[in-house]
Every structure is written in structure tokens, then in C-alpha cells.
Amino acid sequence: MSRLTVAQARRVAVAAQGFHERKPAGPVTRAHLRRLISRIQVLQLDSVSVAVRAHYAPVFSRLGPYDRDVVDRAAWSHSARSPRLLVEYWAHEAALMAVDDWPLLRWRMREYTHGRWGREIVKKNPRLADDIVAAITELGPSTAGEIETHLGAEQRGRKGPWWDRSDTKWVTEALFAAGVLTTATRVGFARHYDLVEKVLPPEVLAREVDDEEAIRELVLRAAGALGVGTEADIRDYFRLGAGQVKPALAKLVADGELEPVDVDGWKAPGYLRTGQIVPRVERGTALLCPFDPLIWFRPRVERIFGFRYRIEIYTPAPKREFGYYVWPFLLDGQLVGRVDLKAERASDALHVVGAFAERGQDAVRVATAMAGELQSMASWLGLGTLTVGRRGDLAGALRRAV
């Protein structure tokens, strides 16, 4: 069995996510996005917009400043000249994935026949599903609220968190999870549902993939996107089960698609795409949003980078260690710091609430590089200034660098 040092595993992981490549010299195009998706597979969606929506950030981190319409058009519009490239589904969590990959997740759609959550509500309302499908057939792309109004359903509960959903919203979401509905477009991030056959090409819907073959393909893609990963790492990428991944790994190893490797300090074996090149130098500098696929699986982040990271959005403010929406900072292939960011539109500023360096890092070096990435981000977001608060051990050096 081959052996890797932690440094080699880290270089493989960073390169696999596209950080070792030079950013495009000209405008980022649909072709750039397609190539990126073929590498990282998915863009996670999240409703938090304190800095920028999560699905836009990994593209910026890897390709640099770009027109976000490139992602919007790829995900939520279609024309003969520019067919839809991405579609929404539960591919990691809620995520954008390649349209062509829809058949790889049909097994999950069958598992979610009654939705992912609130199944008892869905099971108690079998006729409501038919009514919702009929409403969308008549109305075209519609929000859950528009569907509810059309059906004359009574709103239940105040507007707010997911647990306040009406029965109509629960069942609509269940139909989304079951692959009956998908997102035709988004307006102000509100999802407009439509029938899958109205959104996806007929050749994609007609393609059948055996469940075991689909799982093997997902496992192979996860391993490729990770560069090197344990069974647990690979399971997490598409949120697969151990019973699915173990036989898939065994078959892929037997077929010569994956190679087991020992990584120094790892308690479990890693898996590497056969023929994977191990980069010789540390490369890759970027701000990483909390939902970037390089840092999804926190145990792996600690193993590879020695970097402990937790999202503190739901932690009461006085108990937060680093801040509300904290971006780890990748510098020359290593996680060397983190920054709590907020886009303050009223003052036309990207505001650094707090900035922190990892222990043993050169604060001036980290702050200088971080300042450049933050200025690029502010410009990308159309914000005129970059301001730095006083929280964190890196704040002073960052203010001077800015």
C-alpha cells in the first residue's frame, strides 16, 4: 500500500479542488463554470446572505472576480442557445449540481418519496400532492405561497423558520425531494417550483442508471473531488451511507479505479484516484466561505490542515469564539487564519468584524495576503471600501495592510 505524508495529502486535496490552477486572465465564462463543476461536483445552497450567498463563493474563491449572472443563468434559466447547466437537488445538502447528473440520484428520490422531513404531514395529505402538481401544471413556475393561494389553503403559523411551514409547503418540499418538482428559477432567492419534465431535458429524464452503478459513480466522483479521503470523508461528500460506500469502494479498488493509501497520522486508510499526481509544492490562496467543499467535513479539515473550524451562526453572540460568518483563509495551500465578514450595503463597505491568525503564523505575511483577497472580494461584490474592526489578534496587522 502506498504511503503519503500529511503534507502530501494536503497538497493533493487542495489541488483536487482546483486551487492550484491560475485564475482566468479574462472574464469567467460558462465553460469555466462547467469545468469547475466537473471537478468539485456541487455548489451548496444556503439562505444566509450576510456577505454573499454560499453558492457564489466557491466560484470566486477558485476563479476570482466574476459576473454572478454566469451562475444564475447556468442554474435558473434555459434557452436553445444556452441550455440549463445546473439543477437543484439534495446532492450534499441543498445544492446545485450538473443537470446530466440527475439520474445518479434517483435512488435518493425514491427514498424521499414522502420527503426528507415532515413525513407524517405528507402521508396525512395524499390528495394535496396531486392538487399541488395540478396547480403548477396550470400556473407554471410558482412559489409555495403562490401555490397555496391558488389552492385557497389557509396559512398556518407565522412566517419564519422551516418548522412553521404550512402543509402545502411541506408537501411541495416533499415533491421536490422526490424528484417530481425542481426549481425552475429563483427570484430574490425564493424558489419557483416547476414539474421536472418542464425543466430538465427529456434525454436526461429518460436515462436509467442502475442504483449500484450510480453509487459507485458518486463514490468515484467524491474521491476525485477530495483528492484523497477516508471512507468517512467520501461518504460525507454526497451524504451516502456506510452500507452503500463500503461495497462501492471495494469494487472500485478491485477494478483499479481507486488505490488505498496510508496517510501519516490517519487512523483509517485513505483512497486515491489511480494515477493521481502528488503536487510537489504548496499552492492555492483564497477566502473560503463556511460552505466551501474543501472544508465541509470538519474532522477531515483537522486531519489535513490541523485547523479546527465550526460554524457559529447558531451560537449566541457572547459565546462565539470567532464570529457569526467566518471565512477560513487559505494561503499557499495551508489554512493560516480566519475572518468574520459582513457586507454593509448601507455604508458601501465590506466590513471585517474580526480577523484571526493561526498559532505560529507570521501575522504580517497573513495580513498582507488576506488584505489582497478581501479587496478583490469587496470589488467583486460592488462595495467601495474595505473596513476592519478591532476584534481578533490579526485585526491590527490587517488594518495596516489595508
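It should be emphasised that the depicted structure is a prediction, and the values quoted were computed from it without experimental measurement.
- For the pair Asp393 and Arg359, the salt-bridge criterion is not met [side-chain N within less than 4.0 Å of a carboxylate O].
- Among Trp170, Trp90, Phe176, Tyr112, the one residue that satisfies the ring-ring contact (aromatic ring centres under 6.0 Å, His included) test with Trp117 is Trp90.
- Using modelled atom types and a 3.5 Å distance limit, the side chains of Arg62 and Gln17 yield a donor-acceptor pair.
- A salt bridge is defined here as a Lys NZ or Arg NE, NH1 or NH2 lying under 4.0 Å from an Asp or Glu carboxylate O, and Arg310 with Glu302 meets this definition.
- Side-chain contact, Glu257 with Thr274: no donor N or O sits under 3.5 Å from an acceptor N or O.
- Within the 3.5 Å criterion, the main-chain N or O of Val6 finds no donor-acceptor partner in the side chain of Asp264.
- In this structure, Glu21 pairs ionically with Arg35, as a charged nitrogen and a carboxylate oxygen lie closer than 4.0 Å.
- Taking the charged nitrogens against the carboxylate oxygens, Arg191 and Glu88 do have a contact shorter than 4.0 Å, which makes a salt bridge.
- A donor-acceptor distance shorter than 3.5 angstrom exists from the side chain of Tyr309 to the backbone of Val326, with no hydrogens or angles considered.
- A donor-acceptor pair shorter than 3.5 Å can be found between the side chains of His351 and Thr387.
- The pair Glu148-Lys169 does not count as a salt bridge, with every side-chain nitrogen at least 4.0 angstrom from each carboxylate oxygen.
- Using cut-offs of 30° and 60° on the angle between ring planes, the pair His55 and Trp76 is perpendicular.
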